[in-house]
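Everything below concerns the one structure shown next.
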Amino acid sequence: MNIFKFYIDKIIDILKTANKEGLIYLPENLNSINVDIPPPKFNCDISTNVAMVLSKPNNKSPIEIAETLSSLIKENDKYIEKITIEKPGFINLKLNKDFWNFLLHEIINDKEYGSQKTKNQKTYLVEFVSANPTGPLHVGHSRGAILGDVISNLLKFNNQKVTKEYYVNDYGNQILHFTKSVFLRAREILYKEKFPIDNPDLYPGDYLKQIAKNIIDQNSDLKFNNFDEISKNLTNLSVKESIKLIKINLNNLGIVHDNFATESEIVQNNEVENVIKKLQNDKFVYTGKINAPEGEDKSNWIEREQLLFKSTDFGDDKDRSLQKYDKSWTYFASDVAYHYNKLNRKYDMLINILGADHAGYIKRITSAVEALSGEKNKLTCKVSQLVKLIKDGKPFKMSKRKGDYITVEDLINEVGKDATRFIMLNRSNDAELDFDFSKVKEKSKDNPLYYVQYCYARISSVFRNIKQNINDDIIISNYDFKYSNEEIIILKKITEWPKCIEIATEKLEPHRIPVYLYELSSEFHSYWNMGKNDPSKRFIEKNNKIKDDKIVFLKIISNVIKSGMNILGVETPEKM
RNA sequence: GCGCCCUUAGCUCAGUUGGAUAGAGCAACGGUUUUCUAAACCGUGGGUCGGAGGUUCGAAUCCUCCAGGGCGCGCCA
């Protein structure tokens, strides 16, 4: 039940009839007609811009059209108490009590209220995190991880089919350096050799000692004499250890992937060769030269003939290299193969969540997917911007070099899963985020998580006091209530929930959900406090009973909060 | 040099399929608890929506240009 759609459909029906009767001329495209909630001062529930949109094509003033339409609307809708026209031509509707009773009756026990019920269910592959398997996740990874998880939840809430995937980059130079670091840490343990801490290629973090120790303990036959001899085996073991750590981190954040795809498998199965052959056949690959980037030190630049992907055909600023100097594949080449692999698994839509530092990569990979699929918007990439850590009022800089960074484990231990998720989701993913440790820990209004949870807890306390289970369906025989103006303000907010979900889904912007939940909670807290002076606004009466209208009211609000918090992956405790 | 993101109140930020007087929180000041959870509420002040053009009935929102900040750009992943 989306009242905006409900009224747009209604208005368009009326327009079509009026058009047939020759009362009004209709342009082809009616998309700019919309229905909204008007500002509070008009004391109305719904407004539409239809008269202004039709003004020009009809060569009449908006007010004139509004007058014609408003009488038609009024005749055709039994839910209208009052209809007014406001300059410059808005039509404002005030809905009667039958409407609110109808609405509440529709949604009271609908656990999926707000869900976008589309006819065709689509399959999505959401790839996120995909951090290099060279150690545990740090705070920077967690924002994208949470974003991807909640986008998946959001799609699922709308009854779409979602696979959550992690792409393990277990191939290439960084992994080689990582394995070498494990090797040297192992020798440090076994032979007391000093780890070359100053070698900038190696990974200095302490966690490598533990990884090395685990590998030694579990593989007594492995000899740490010659790196080249055990390199392949040790890579596998080291990556496995890393993935183990990463999975623990993800679990602590409340995230479980459905699938882990590995780069090494893509390479071993010759998928890179295959995809490049396909692109060659389609004339998207050629041998040529590319220029060094402007404004940087070009002294090390070696110009050479190389295998290039024609991403400029799709709007990229240069073509992209597929092969390294030694003829091995670039990261991009295997990623193209990986995306071809995704395409062959026949998903309707692909979504990638990337960190800000990989944003420059989007153009070339969407180009590749377009070249391979022939579809323009098959792949959507969302970027999670930087997280600026603030500790003790000062920015906290992480340095991978020194192994000096805040891990997900530190984060969860210090602020907890729910607060982390809520705060990280409370901002647009396109904007940088200040993450202030002391504030996130604070149990007050400063922390929007507790504010929303407290709203749910307050509602729960009413249910507890009247000895009802908040999760049970509400059975009401007769929907005939008259809500006060203060209550209708909140009911109006409730009607916005489907719209919030719609926009959040369409734009893949889950931050709209915590923002909405905060606003709804704010209105509820405000109402709650009115009960102090005005007994009619209290929920429980002197005889410890509750009226039907009140319990319906509470149930609706708690349903919305609960389903919103579920999408966010955050708890709704009944007591705080 | 190029690409992406950001610029809205003192601070941190919401606000886009273009809508009516641009909203929250924090900070400041003053109030609210014999009554369902005060982790709450109420009130007061605070704005050239970075700048300049354009598009139109109407622009924080769309287009162009400019400025400032961030991230990134090599056969690293």
Side-chain angles (χ1 to χ4, degrees), chain A residues 31-32 34 36 38-39 41-42 47 49 52-53 55-56 61-62 86-90 92 130-132 134 169 171-175 263 290-298 300-302 304 306-307 316-318 320-335 355-363 383 385-386 388 426-428 430-434 436 439 442-448 450-451 453-455 457-466 503 506-507 511-512 515 518-519 522 525-533 535 538-542 544 546 575-576:
Chain A
N31 287 344
S32 45
N34 62 32
D36 253 306
K41 76 159 187 173
F42 296 106
S47 79
N49 64 350
M52 288 175 297
V53 173
S55 162
K56 200 163 200 186
S61 80
E86 296 287 344
K87 61 165 175 52
F90 288 99
N92 289 345
S130 300
N132 285 341
T134 54
N169 302 127
Y171 178 84
N173 277 332
Q174 294 199 2
I175 288 298
E263 186 178 4
I290 47 172
N291 296 327
E294 292 296 320
E296 278 195 41
D297 180 20
K298 289 179 203 169
N300 295 330
W301 185 263
I302 303 160
R304 69 171 177 107
Q306 52 182 323
L307 207 56
D316 202 358
D317 29 290
K318 61 170 78 169
R320 301 295 172 173
S321 176
L322 295 162
Q323 255 179 343
K324 298 185 200 172
Y325 210 81
D326 64 357
K327 300 288 176 196
S328 66
W329 301 116
T330 60
Y331 171 78
F332 175 59
S334 61
D335 206 26
D357 52 345
H358 289 83
Y361 188 76
I362 292 175
K363 197 73 213 179
V383 172
Q385 283 297 331
L386 248 65
K388 279 189 279 183
N426 200 28
R427 296 268 179 268
S428 160
D430 277 334
E432 290 181 14
L433 174 88
D434 282 359
D436 188 325
K439 273 200 183 143
E442 217 169 298
K443 295 196 170 177
S444 77
K445 199 165 104 172
D446 292 9
N447 188 327
Y450 297 112
Y451 190 78
Q453 285 183 329
Y454 188 52
C455 178
R458 275 180 152 174
I459 295 173
S460 301
S461 82
V462 175
F463 279 81
R464 200 164 44 242
N465 280 317
I466 57 168
I503 297 174
E506 194 178 312
K507 297 177 180 293
H511 75 277
R512 288 163 190 277
V515 168
Y518 187 90
E519 288 165 0
S522 167
H525 285 310
S526 181
Y527 182 86
W528 181 280
N529 278 276
M530 288 177 201
K532 282 181 177 160
N533 301 321
R538 260 172 244 163
F539 295 100
I540 300 173
E541 313 208 322
K542 287 248 161 59
N544 217 28
I546 187 165
K575 270 187 190 174
M576 284 173 74

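Letters A, B, ... mirror the listed sequences (proteins, then strands); counts begin at 1.
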Discussion item. Mind checking if A/Trp528 touches a base, just sugar-phosphate, or nothing, with heavy atoms under 4.0 Å?
Written reply: base
Worksheet item: Quantified in whole Å, what is the C1' atom distance between nucleotide B/U7 and nucleotide B/G43?
Response: 32 Å
Practice prompt. Would you mind classifying the nucleic acid contact of A/Glu263 as base, sugar-phosphate or nothing, using non-hydrogen atoms under 4.0 angstrom?
Written response: sugar-phosphate
Worksheet item: How long is the line joining CG of A/Asn447 and C1' of B/A40, in whole Å?
Response: 15 Å
Worksheet item: Between A/Phe332 and A/Arg320, which heavy-atom pair has the shortest distance, and what is it?
Response: CE2-CB, 3.7 Å
Item to complete: Measure from NZ on A/Lys575 to C1' on B/U37 and round the result to the nearest Å.
Response: 11 Å
Worksheet item: Given the side-chain rings of A/Phe539 and A/Tyr527, with only the six-membered ring counted for Trp, is the space between their centroids under 6.0 Å?
Response: yes
Worksheet item: Between B/A20, B/A40, B/U37, which nucleotide gets closest to the side-chain atoms of A/Ser47?
Response: B/A20
Practice prompt. Between B/G51 and B/A59, how far apart are the P atoms? Round to whole Å, please.
Written response: 15 Å
Discussion item. Counting the atoms with a prime plus P, OP1 and OP2 as sugar-phosphate, which does A/Pro535 contact under 4.0 Å by heavy atoms, base, sugar-phosphate, or nothing?
Written reply: nothing
Discussion item. Any base atoms under 4.0 Å from A/Pro62, or only sugar-phosphate, or nothing? Heavy atoms, all strands.
Written reply: nothing
Item to complete: Give a yes-or-no answer on whether the side chains of A/Glu86 and A/Asn92 include a donor-acceptor pair shorter than 3.5 Å.
Response: no
Practice prompt. Can you tell me, in whole Å, how much space there is between the P of B/G74 and that of B/G3?
Written response: 16 Å
Worksheet item: When the nearest nucleotide of RNA chain B is assigned to A/Ala356 and to A/Ile540 on a heavy-atom basis, which residue is associated with the more 5' position?
Response: A/Ile540
Discussion item. Test of understanding: with side-chain hydrogen bond (donor to acceptor under 3.5 Å, both in side chains), list the residues that count as partners of A/Arg464, not counting sequence neighbours.
Written reply: none
Response to the item:
Here the distance between atom P of B/C36 and atom CG of A/Asn465, to the nearest Å, is 9 Å
Worksheet, complete the sentence: To the nearest angstrom, the CZ-P distance between A/Arg538 and B/U34 comes to 11 Å
Worksheet, complete the sentence: Shortest non-hydrogen pair, A/Pro62 vs A/Gly89, comes out as CB-CA, 4.1 Å
Worksheet item: For the pair made of NZ in A/Lys318 and P in B/G74, what is the distance, rounded to whole Å?
Response: 7 Å
Discussion item. Quick check for you: among B/C73, B/A40, B/A20, whose closest atom lies nearest to any side-chain atom of A/Glu86?
Written reply: B/A20
Worksheet item: Of the nucleotides B/C71, B/U37, B/C76, which one has an atom closest to the side chain of A/Gln174?
Response: B/C76
Worksheet item: So does A/Arg458 reach the base of B/C36 with its side chain, donor to acceptor, closer than 3.5 Å?
Response: no
Item to complete: Please report, rounded to the nearest Å, how far the C1' atom of B/G25 is from the CG atom of A/Asp436.
Response: 14 Å
Response to the item:
Taken to the nearest whole Å, OH/A/Tyr527 to C1'/B/C41 is 15 Å
Worksheet entry | Nearest atoms (heavy-atom pairs only) where A/Ser32 meets A/Val53 | OG-CG1, 3.6 Å
Discussion item. Please find the pair of heavy atoms, one from A/Lys318 and one from A/Asn291, that lie closest to each other, and give the distance.
Written reply: NZ-O, 3.5 Å
Fill in: Interatomic distance where NE2 belongs to A/His525 and P belongs to B/A24 [whole Å]
16 Å
Item to complete: State whether the side chain of A/His525 and the backbone N or O of A/Tyr451 hold a donor-acceptor pair below 3.5 Å, judged by distance alone.
Response: yes
Fill in: A/Asp430-A/Ser428 side chain donor-acceptor pair, cut-off 3.5 Å
no
Worksheet entry | B/C41 phosphate, OP1 or OP2, under 4.0 Å from A/Tyr451 side-chain N/O | yes
Worksheet item: Which parts of nucleotides 7-19 of chain B does protein reach within less than 4.0 Å, heavy atoms only, written one letter per nucleotide 5' to 3' as B for base, S for sugar-phosphate only and - for none?
Response: -----SSSSB--B
Fill in: A/Asp357 side chain, from C-beta outward: closest of B/G72, B/C75, B/U37
B/G72
Practice prompt. Ignoring backbone atoms, establish whether A/Tyr454 has a side-chain N or O less than 4.0 Å from OP1 or OP2 of B/A39.
Written response: yes
Worksheet item: From the list B/A77, B/C36, B/A39, which nucleotide is the closest neighbour of the side chain of A/Lys324?
Response: B/A77
Practice prompt. Could you tell me whether the side chain of A/Trp528 reaches within less than 4.5 Å of the side chain of A/Val462, counting heavy atoms only?
Written response: yes
Worksheet entry | Along RNA chain B (nearest heavy atom to each residue), the more 5'-positioned of A/Gly531 and A/Tyr331 | A/Gly531
Discussion item. Can you identify which nucleotide, out of B/G74, B/C36, B/A20, has its nearest atom closest to the A/Pro293 side chain?
Written reply: B/G74
Worksheet item: What class does the angle between the rings of A/Tyr361 and A/Tyr331 fall in, given that below 30° is parallel, 30 to 60° is tilted and above 60° is perpendicular?
Response: tilted
Worksheet item: What integer number of Å spans the C1' atoms of B/G47 and B/G30?
Response: 24 Å
Worksheet item: What does A/Asn544 touch in the nucleic acid at a heavy-atom separation under 4.0 angstrom: a base, only the sugar-phosphate, or nothing?
Response: nothing
Item to complete: Could you work out which one of B/U37, B/C75, B/C4 sits closest to the side chain of A/Ala359?
Response: B/C4
Worksheet entry | Atom C1', compared across B/A22 and B/G58: separation rounded to whole Å | 15 Å
Item to complete: Give one of base, sugar-phosphate or nothing for A/Tyr171, where a contact means two heavy atoms less than 4.0 Å apart.
Response: sugar-phosphate
Discussion item. Does B/C57 have OP1 or OP2 under 4.0 Å away from a side-chain N or O of A/Lys56?
Written reply: yes
Fill in: Candidate nucleotides B/U37, B/C75, B/A77, ranked by approach to the side chain of A/Asn173 - the nearest
B/A77
Fill in: Under-4.0 Å side-chain N/O to phosphate OP1/OP2 contact, A/Thr330 with B/C76
no
Worksheet item: A/Asn529 side chain: which of B/U37, B/C41, B/A77 is closest?
Response: B/C41
Item to complete: Sticking with atom C1', work out how far B/C66 lies from B/A9, rounded to a whole angstrom.
Response: 25 Å
Worksheet item: Between B/U64 and B/G45, how far is it from one P atom to the other, in whole Å?
Response: 40 Å
Discussion item. Can you confirm whether A/Ile503 sits close enough to A/Glu506 that some side-chain heavy atom of one is under 4.5 Å from a side-chain heavy atom of the other?
Written reply: no
Worksheet item: Name the stems that RNA chain B belongs to, where each is three or more consecutive Watson-Crick or G-U pairs with both distances under 3.5 Å?
Response: B:1-7 with B:67-73, B:10-13 with B:23-26, B:28-32 with B:40-44, B:50-54 with B:62-66
Discussion item. Please report the distance separating the P of B/C63 from the corresponding atom of B/A24, rounded so that it comes out in whole Å.
Written reply: 29 Å
Worksheet item: Looking for any heavy atom pair under 4.0 Å, which part of the strands does A/Ser55 touch: base, sugar-phosphate only, or nothing?
Response: nothing
Worksheet item: Is the backbone N or O of A/Asn34 less than 3.5 Å from a side-chain atom of A/Asn49, with the two atoms forming a donor-acceptor pair by type?
Response: yes
